[in-house]
Amino acid sequence: MDKLIISIVTYNSPDAFETLNQFQSIVEKNDRIELFVYDNHSEPAYVEKLKSFKFANIIEGSENAGFGHGHNEILLHQRGKYALICNPDIVIEEADLQVLLQKIEETPNTVAAFPSVYNSDGTPQYLIRKRLAVFDYLLRFLPSKTLKRIFEKRLSDFECRNLSNTEDTAIKMGSGCLMLVDLEKYKKIGGFDERFFMYFEDNDLCLRLASDGDSLLYVPSAKIVHHYGKGSHRSFKLFVIFIQSMIKFFNKWGWRFF
């Protein structure tokens, strides 16, 4: 097995300890896997609990500089074949990790692989994207059920709900909640664009990973659980950060309103 770096960025996330418990047996029995946690200046007691996981390499940030910054602080300084970019609220079985590794190895010109993602109750999360447009985000955020019914087909298309549940599919953008990437390619493009504090940094990374003809692969047979908080729907502060990142994304890649 080629060396794998697991990269987790956290900020006071209570789910991180379940995620680390899940990874512990995987890491401890395989000397070709290293796990790093970059902590974005969480509370002292939280950091001390992180340090109790002796198999993990804990890096303490002096400030909260964002999701992409944390992963760059880990991955741009490591050597290995692949990197597993992982949220602190993910549950993945070893068998599903092996599926992702096998698929990225076997599929020519593939620089990233993405699993199917589920809520803890078993319902699917639709996180694959083939386009981003302002109108689609307005539909998702506006509380109007009537508008959602009128544009139900468009929302379904936006969320790529028609993707195969059995066959691997080349995609344009996947979710940063968990992605397996070619570490050399990640370094070549400079990792995450740190101008995105949070939100849209994964979409931007996907577009840059595939910018010279390489492929991104959706692998539905690899399954994970994502304890999805939808912070931007519940917190005004996070909603503002979402809007700021959206503006940065469309300024960078071109505005599409519909």
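Start at 1 with the first residue, then count along the sequence. In what follows, every heavy atom counts, from backbone to side chain, and hydrogens, waters and symmetry copies are set aside.
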Quiz item: What's the spacing between Cys206 SG and Ile171 CD1 if we round to 0.5 Å?
Solution: 6.5 Å
Quiz item: Are there more than 12 heavy atoms of other residues, nucleotides or ligands under 6.0 Å from atom CD of Glu167?
Solution: no
Quiz item: Less than 4.0 Å between a side-chain N and a carboxylate O, is that true for Asp212 and Lys185?
Solution: yes
Practice problem: Verify the neighbour count for atom CD of Gln98: are there more than 12 heavy atoms of other residues, nucleotides or ligands below 6.0 Å? | Solution: yes
Quiz item: Closest heavy-atom contact between Asp96 and Ser221?
Solution: OD1-O, 3.6 Å
Exercise. Kindly compute the distance separating CG (Leu216) from CG (Leu205), expressed to the nearest 0.5 Å.
Key: 8.5 Å
Quiz item: Can you tell me if Ser116 uses its side chain to pair, donor with acceptor, with the backbone of Pro220 under 3.5 Å?
Solution: yes
Practice problem: Kindly say whether Val47 contributes a backbone atom to a donor-acceptor pair with the side chain of Asp39 at under 3.5 angstrom? | Solution: no
Quiz item: Any side-chain donor-acceptor pair under 3.5 Å between Gln125 and Asn119?
Solution: yes
Quiz item: So Phe151 and Phe258, would you call those rings parallel, tilted or perpendicular, with 30° and 60° as cut-offs?
Solution: perpendicular
Exercise. Quick one: do Arg154 and Asp136 satisfy salt bridge (Lys or Arg N to Asp or Glu O under 4.0 Å)? Show the steps, please.
Key: CA-CA 8 Å; Arg154 181 183 175 94; Asp136 296 305; 2.7 Å; yes
Quiz prompt | Arg208 atom CZ, neighbour heavy-atom count above 12 within 6.0 Å | solution = yes
Self-check item: In one Ile/Leu/Val/Met/Phe/Trp/Tyr side-chain cluster, 4.5 Å: Val111, Leu180
Solution: no
Practice problem: Report yes or no: is the cationic atom of Arg131 (NZ for Lys, CZ for Arg) under 6.0 Å from the centre of the six-membered ring of Phe158, at an angle within 45° of the ring normal? | Solution: no
Quiz prompt | Least distance between heavy atoms, Ile224 atom then Cys177 atom | solution = CD1-SG, 4.2 Å
Exercise. Using the ring of Tyr82 (Phe, Tyr or Trp, six-membered ring only), decide whether Lys3 places NZ or CZ under 6.0 Å from its centre and within 45 degrees of its axis.
Key: no
Exercise. Please test Tyr118 against His226 for side chain to side chain contact (heavy atoms under 4.5 Å, CB included), starting from the C-alpha separation and ending with a verdict.
Key: CA-CA 6 Å; Tyr118 295 86; His226 180 205; over 6 Å; no
Quiz item: More than 12 non-hydrogen atoms from neighbouring residues, nucleotides or ligands closer than 6.0 Å to NZ on Lys49, yes or no?
Solution: no
Self-check item: Thr10 vs Tyr46, side chain to side chain donor-acceptor pair (under 3.5 Å): CA-CA, chis, key distance, verdict
Solution: CA-CA 10 Å; Thr10 185; Tyr46 180 88; 2.7 Å; yes
Exercise. Run the ring-centre check on Phe197 versus Phe67 and record whether the distance is less than 6.0 Å.
Key: no
Quiz item: Would you say Asn87's side chain and Leu178's backbone share a donor-acceptor pair under 3.5 angstrom?
Solution: no
Exercise. Please check if any side-chain donor atom of Tyr186 sits under 3.5 Å from a side-chain acceptor atom of Asn72, or the reverse.
Key: yes
Self-check item: Polar side-chain atom of Ser245 near backbone of Ile241 as donor-acceptor pair, under 3.5 Å
Solution: yes
Quiz item: What distance do Leu207 atom CG and Lys252 atom NZ have between them, rounded to the nearest 0.5 Å?
Solution: 8.5 Å
Quiz item: Using the benzene-type ring in the case of Trp, are the ring centres of Tyr137 and Phe200 under 6.0 Å apart?
Solution: yes
Exercise. Compute whether any side-chain donor of one residue and acceptor of the other, for Gln22 and Glu18, lie under 3.5 angstrom apart.
Key: no
Self-check item: Minimum-distance pair of heavy atoms, taken over all atoms of Phe17 and Leu50
Solution: CE2-CD2, 3.8 Å
Quiz prompt | same_hphob_cluster(Ile104, Leu4) at 4.5 Å side-chain heavy-atom cutoff | solution = yes
Self-check item: Transitive ILVMFWY side-chain link Met198 to Phe192, under 4.5 Å
Solution: no
Exercise. Could you tell me the separation between the CD1 atom of Ile26 and the CD1 atom of Ile6, rounded to the nearest 0.5 Å?
Key: 6.5 Å
Quiz item: ring pair (Phe, Tyr, Trp, His ring centres under 6.0 Å) between Phe242 and Phe141: does it pass, once the steps are laid out?
Solution: CA-CA 11 Å; Phe242 179 91; Phe141 277 105; 5.0 Å; yes
Self-check item: Pairwise distance CD(Glu48) to OG(Ser42) - rounded to 0.5 angstrom
Solution: 12.0 Å
Exercise. Kindly give the heavy-atom pair with the smallest separation between Pro115 and Ala222, and that separation in Å.
Key: CB-O, 3.1 Å
Quiz item: So which of His69, His71, His77 actually passes ring-ring contact (aromatic ring centres under 6.0 Å, His included) with Tyr38?
Solution: His69
Quiz item: Of all heavy-atom pairs between Thr19 and Cys86, which one has the smallest distance, and what is that distance?
Solution: CG2-SG, 4.5 Å
Quiz item: Is any NZ, NE, NH1 or NH2 atom of the basic residue among Lys51 and Glu60 found under 4.0 Å from an Asp or Glu carboxylate oxygen of the other?
Solution: yes
Self-check item: Enclosure of Glu105 CD (heavy-atom neighbours >12, cutoff 6.0 Å)
Solution: yes
Self-check item: Check ion pair Asp168-Lys103 (N to O, under 4.0 angstrom)
Solution: yes
Quiz item: Taking the six-membered ring of Phe135, is the NZ or CZ of Arg140 close enough (under 6.0 Å from the centre) and on axis enough (within 45°)?
Solution: no
Quiz prompt | Atom NZ of Lys188 with >12 non-hydrogen neighbours under 6.0 angstrom | solution = no
Quiz prompt | Step-by-step salt bridge (Lys or Arg N to Asp or Glu O under 4.0 Å) determination, Asp193 to Lys248 | solution = CA-CA 11 Å; Asp193 183 340; Lys248 290 175 184 176; over 6 Å; no
Quiz item: Does some side-chain heavy atom of Phe53 sit less than 4.5 Å from a side-chain heavy atom of Asn21?
Solution: yes
Quiz item: Is it true that Leu238 and Met246 fall in one hydrophobic cluster, defined by side-chain heavy atoms closer than 4.5 Å?
Solution: yes
Quiz item: Have Ser13 and Asp15 got a donor and an acceptor in their side chains that come within less than 3.5 Å?
Solution: no
Quiz item: Are Ile74 and Ile189 joined in one hydrophobic group, where the rule is that I, L, V, M, F, W and Y side chains link up if heavy atoms are under 4.5 Å apart?
Solution: yes
Practice problem: Please determine if Lys29 and Glu94 form a salt bridge, counting it only when a charged side-chain N lies under 4.0 Å from a carboxylate O. | Solution: yes
Self-check item: Least distance between heavy atoms, Ala83 atom then Leu75 atom
Solution: CB-CD2, 3.6 Å
Practice problem: Working to the nearest 0.5 Å, report the span between CG of Leu100 and CD1 of Ile92. | Solution: 5.5 Å
